[in-house]
Number of protein chains: 2
Amino acid sequence: MLSKAEIKRVSSYKEAKYRNQDMVFVVEGVKMVDELIASGFEIERIFGTRKWMDDNTQKVGSRADEVIEVGEDELKKISSLITPNQVLAIVKAPTPKDIDFKDRLVIALDQINDPGNLGTIIRIADWFGVEDIICSESTVDQYNPKAIQSTMGSLFRVNISYVNLEATLKTLSKTYPIYGTVVKNGEDIYQTQLKTQGIIIIGSESHGISKEILPLINHPLTIPNFSINQSAESLNASIATGIVLSEFRRRG
Amino acid sequence: MLSKAEIKRVSSYKEAKYRNQDMVFVVEGVKMVDELIASGFEIERIFGTRKWMDDNTQKVGSRADEVIEVGEDELKKISSLITPNQVLAIVKAPTPKDIDFKDRLVIALDQINDPGNLGTIIRIADWFGVEDIICSESTVDQYNPKAIQSTMGSLFRVNISYVNLEATLKTLSKTYPIYGTVVKNGEDIYQTQLKTQGIIIIGSESHGISKEILPLINHPLTIPNFSINQSAESLNASIATGIVLSEFRRRG
């Protein structure tokens, strides 16, 4: 049984403000919680239905202090999902690791607003072995429930931090490769040289890369447009990320 | 002023059943309706607010019979959008064109369920100059409101048909290239030969390519997994489509 106060507290974590205040986030569903447990992230509380408890006796046994059984109705009250899926966990938000910009590719997100896009980009980074993502402070919260669901567990394997993007880029040496995707007039990504270290900036869905960041890019990249009469307008931010990372990894 | 019957009719088009019955679909928002008008698709009715009418006097002038002014409240009643955007049009669904499978790439969708994914795939096809998409009958309806919004207008430039996919593939010659994306054990897409004609099959988000279709593929393709310990599970269907089409176009 959950107290009213507990229901209120957990429900409040649907909003970034309350998550940040308590430095926690929420993970939902059987598969995501499996990945959470495997990840080593610090779990504060698991709310599981009878079915989940029965299916996971081993996991429950070793975590008796953290696990609370809840009814379907209670789970519905605290869940962000339209159809809650057996289990919900409260997790301590880890401190982002410092990034060593040498010898690796880092993704930088400049004002990504859509949580589904953010989650998908995290999933793509994981697939292509990119371990670090830096986000502008204006980018949607990585712990937004929809973003978390879209990561399909990749959230636990990618180091994500929120920074002043302009200031961070300005700390880098002038010769450090800063790539950025632009819809037109960049270097043809299929033809240009791509290094194995650098930052790849992905701009917002509607406005592209912001005007403060654009002059800091030393390698603008364009994915050629093959549409009839160039009528297609642009690719979605997460699709562009997938194509760009595929190009980097293919060659190097 | 809209009659109750008119509101009911237009609202009913949120469901595929009623759209199919009347062979129409609905396009919403200033930008999408602009693209619609430019497309040459046959428009049955445009419902525009005063603002839209004022901003589009020329378009309205030449289409006086089709255009009806509506209040914001009325638009809200017939719209599928949380925030309706000035205009909504009822469009005649075109008859899909027969596809000549020679000398071109065709995308085949095998049970894509998510309308956002379908719309995004249509947008990607348009970008990469793929003019035809065939969908299994189990694929979500192209005229689903969320699918339409996700196409960003590409819907008007890609020829989409719903077919018995298995039967259609079986009509093709045994040597005709049938590509399909598989998570593991396909040919490495970066290494294998890719032709300029063929069908590229994209499987469902959760189950991949269905078991009836799998044996019909003569070129299974895999996007290499660069994640640490191969821990990333798969790429989203639309991301995989973007990467695969990029590879085909890059080379040929």
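Because only heavy atoms are used, hydrogens play no part in the values below, and waters and symmetry mates are left out as well, while side chains stay in. Order of the sequence lines fixes the chain letters, A, B, ..., with proteins taken first and strands second; residue numbering starts at 1 for each chain.
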Which atoms of Q230(B) come close to chain A, meaning under 4.5 Å heavy atom to heavy atom: side chain ones, backbone ones, both, or neither? neither
Heavy-atom pairs under 4.5 Å with chain B, option from V130(A), T120(A), I189(A), L235(A) with the top count: L235(A)
Which atoms of I223(B) are under 4.5 Å from chain A, going by heavy atoms: the side chain, the backbone, both sets, or neither? both
Portion of T241(B) that has a non-hydrogen atom of chain A nearer than 4.5 angstrom: neither
Are any side-chain N or O atoms of N229(A) and backbone N or O atoms of S231(A), one a donor and one an acceptor, separated by less than 3.5 Å? no
Assess whether a salt bridge exists between D55(B) and K51(B), defined as any Lys/Arg side-chain N lying under 4.0 Å from an Asp/Glu carboxylate O. yes
Quick one: which of R251(B), E247(B), M152(B) has the most heavy-atom pairs under 4.5 Å with chain A, could you say? E247(B)
Region of E35(B) in contact with chain A, defined by heavy-atom distances below 4.5 Å: side chain
I want to know whether F41(A) and F156(A) have ring centres closer than 6.0 Å. yes
Before accepting this row, confirm whether a basic side-chain N of the pair R123(A)/E233(B) lies closer than 4.0 Å to the acidic partner's carboxylate O. no
If you tally heavy-atom pairs under 4.5 Å against chain A, which of A125(B), S234(B), S150(B) wins? S234(B)
Treating R157(B) as the side-chain partner and S39(B) as the backbone partner, does any N or O pair qualify as donor plus acceptor under 3.5 Å? no
